[in-house]
S.K.: 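I'd like to ask you about the structure that follows.
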Amino acid sequence: MSAADLHGPRTYRFVHLGCPKNLVDAEKAAGGLDAAGWREAAGGEEADLVVVTTCAFIEPAVEESVDEILRAAADKRPGQKLAVVGCLVSREGERLGPLLPEIDLFLDVAGFERLAEEAAALFGLVPPTPPPAGARRLFTPPHIAYLKIAEGCSNRCSYCLIPSIRGDLVCRPRREIVDEAARLASAGAREIVVIAQDTSAWREGTRGLADLLEEIAAAAPGAWLRLMYLHPAHLDAAEFARLVEGGVILPYLDIPVQHAADRVLRGMRRGYGRIELDRIFGRLREIDGLVLRTTVMTGFPGETAGDFRDLLDFLERILFDHVGVFVYSPEEGTTASGRKVSRRVALSRRDAVVELQMEISHERLARLEGRRLRVLVDEACRPEERPESSVTAIGRYAGQAYEIDGVTWLSGTLPAPGAVVEARVERAEAYDLFARIVRDFR
């Protein structure tokens, strides 16, 4: 018996916070609700159940999650139920209940799977039957889907709470992953983004990530395969060069290095040093057209001016196309130690990285001016969003990840979302491209 059998259709609305890995959990939880007869509401005010999915990796994420919970609680109408799910609950545990009495249901990371069952209990409904395999409601546009291949992390970096929140690395079975990729492609996914907390650590027996990717590509022919969150300590540069050059995956790799100074990397317990980084990126930079993204951190305890100079030198030498930069956040339960770097200095160093990378990103994109690129169209461009009157759509070429990097503003014809077009780049800015469509492949 479903949610609709006793009281008419019940409705839900997710308020999502956090990374794509968290989003996949929310999508599967929503799929479980759908299978139980629930329906997605157009807005939070119309929903019987509002679900806030939370992030708690660092203190700013905790603050953002709490602010969103308080907003949802303030908007709560009579009879509406409010659930808080995910990393914040795993991190804070029983401390949340007394602090947030307006919340009707708390579920930790593992509780995503039980949401439909717990929601039925909240509303006095008959417990639902288990959802079918692969039940999932995409919260991305239908032509984009994330494919999570593992859960948790076993690296134990000294600044990171992920192992305590998500547990040690557990790899999903190969067959299950490949079957899901095939379902996503059949449902219209033109881009499949392969993710995990530590994507490059996936293994099943003697098979590693490269073997898995080849099977995914075969199961989802024609789909763009993008890789995110590749830990350098588990990355075989030659193997990934083969995958890129063979067209198995997009020429785009996201490899968070966090720093480049040996002393800082040892303090972070990253499992590699500058020599290993030089070897990895030296090989990858031999690949024509490869786009590289990384993440770095400023203000880690003990980071000296010399260490920071090493980081800048590294960024100037490797010439990453995209760089995310964060200021170190001391988190209860982590083991990072060393002389504290002042917040002012850490912020100043972050700003210096941003300034340097803006120049590098612009120079990298400017090399594309005059070239023809294949662009995946994400959405039609509303008049008020247009930086130029001739722009008709927003898309991304292979070197731009969805909602993370810049975009390609398209002019010319009006293609449908999910279409792949060929466009000639007319101008590059710091993070975005402007291009005119010359051919539509739909």
S.K.: Under the rule for salt bridge (charged side-chain N to carboxylate O under 4.0 Å, His left out), what residues qualify as partners of R226, not counting sequence neighbours?
M.R.: E191
S.K.: What I want to check is whether the side chains of H16 and T53 have a donor and an acceptor closer together than 3.5 Å.
M.R.: yes
S.K.: Between N22 and T54, is there a donor-acceptor pair closer than 3.5 Å when you use the side chain of the first and the backbone of the second?
M.R.: yes
S.K.: Is S361 reaching over with its side chain to a backbone N or O of A430, donor-acceptor style, under 3.5 angstrom?
M.R.: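 Flag not set: sc S361 to bb A430 has no pair under 3.5 Å.
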S.K.: Test T392 against T413 for side-chain contact (heavy atoms from CB on, under 4.5 Å), laying out the working first.
M.R.: CA-CA 7 Å; T392 57; T413 60; over 6 Å; no
S.K.: Rounded to the nearest 0.5 Å, what separation is found between the CD atom of E45 and the CG atom of D75?
M.R.: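 It comes to 8.5 Å.
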S.K.: Please name all residues satisfying salt bridge (charged side-chain N to carboxylate O under 4.0 Å, His left out) with E204, sequence neighbours left out, ordered by chain then number.
M.R.: R174
S.K.: Going by an N to O cut-off under 4.0 Å, is there a salt bridge joining R427 and E429?
M.R.: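 Yes, charged N to carboxylate O under 4.0 Å.
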S.K.: Could you tell me whether the side chain of Q80 and the main chain of A47 form a donor-acceptor pair under 3.5 Å?
M.R.: yes
S.K.: Check the pair Y159 / R270 against side-chain hydrogen bond (donor to acceptor under 3.5 Å, both in side chains), numbers first and verdict last.
M.R.: CA-CA 10 Å; Y159 55 84; R270 290 291 288 171; 3.2 Å; yes
S.K.: Looking at R371, I want to see if its CZ is surrounded by more than 12 non-hydrogen atoms of other residues, nucleotides or ligands under 6.0 Å.
M.R.: no
S.K.: Please set out all donor-acceptor pairs under 3.5 angstrom arising from side-chain atoms of residues 176-187, sequence neighbours excluded.
M.R.:
unit_1	atom_1	unit_2	atom_2	d
E176	OE2	R172	NE	2.9
E176	OE2	R172	NH2	3.1
D179	OD1	R175	NE	3.2
D179	OD1	R175	NH2	3.2
E180	OE1	R172	NH1	2.7
E180	OE1	R172	NH2	2.9
E180	OE2	R136	NH1	2.7
S186	OG	A182	O	3.0

S.K.: Indicate yes or no for a side-chain donor-acceptor contact from Y272 to the backbone of V257 under 3.5 Å, with no hydrogens or angles considered.
M.R.: yes
S.K.: If we count only N and O atoms by modelled type, under 3.5 Å, do the side chains of R137 and Y12 hold a donor and an acceptor together?
M.R.: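 The answer is yes; a qualifying pair exists.
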S.K.: With F139, which residues qualify under ring pair (Phe, Tyr, Trp, His ring centres under 6.0 Å), at least two apart?
M.R.: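 Only F14 meet the ring pair (Phe, Tyr, Trp, His ring centres under 6.0 Å) criterion with F139.
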S.K.: Given side chains that start at C-beta, do those of E369 and F434 come closer than 4.5 Å, heavy atoms only?
M.R.: no
S.K.: Out of the candidates D321, D432, T408, only one should pair with Q400 under the side-chain hydrogen bond (donor to acceptor under 3.5 Å, both in side chains) rule; please name it.
M.R.: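 Testing each of D321, D432, T408 against Q400, the sole residue satisfying side-chain hydrogen bond (donor to acceptor under 3.5 Å, both in side chains) is T408.
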S.K.: List for me each residue that meets side-chain contact (heavy atoms from CB on, under 4.5 Å) alongside E331, sequence neighbours excluded, and say none if there are none.
M.R.: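 E331: side-chain contact (heavy atoms from CB on, under 4.5 Å) contacts with I58, E59, R91, L161, S329, T334.
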S.K.: Using salt bridge (charged side-chain N to carboxylate O under 4.0 Å, His left out) as the criterion, list what pairs up with R166, not counting sequence neighbours.
M.R.: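 Partners of R166 under the salt bridge (charged side-chain N to carboxylate O under 4.0 Å, His left out) test: D25, E151.
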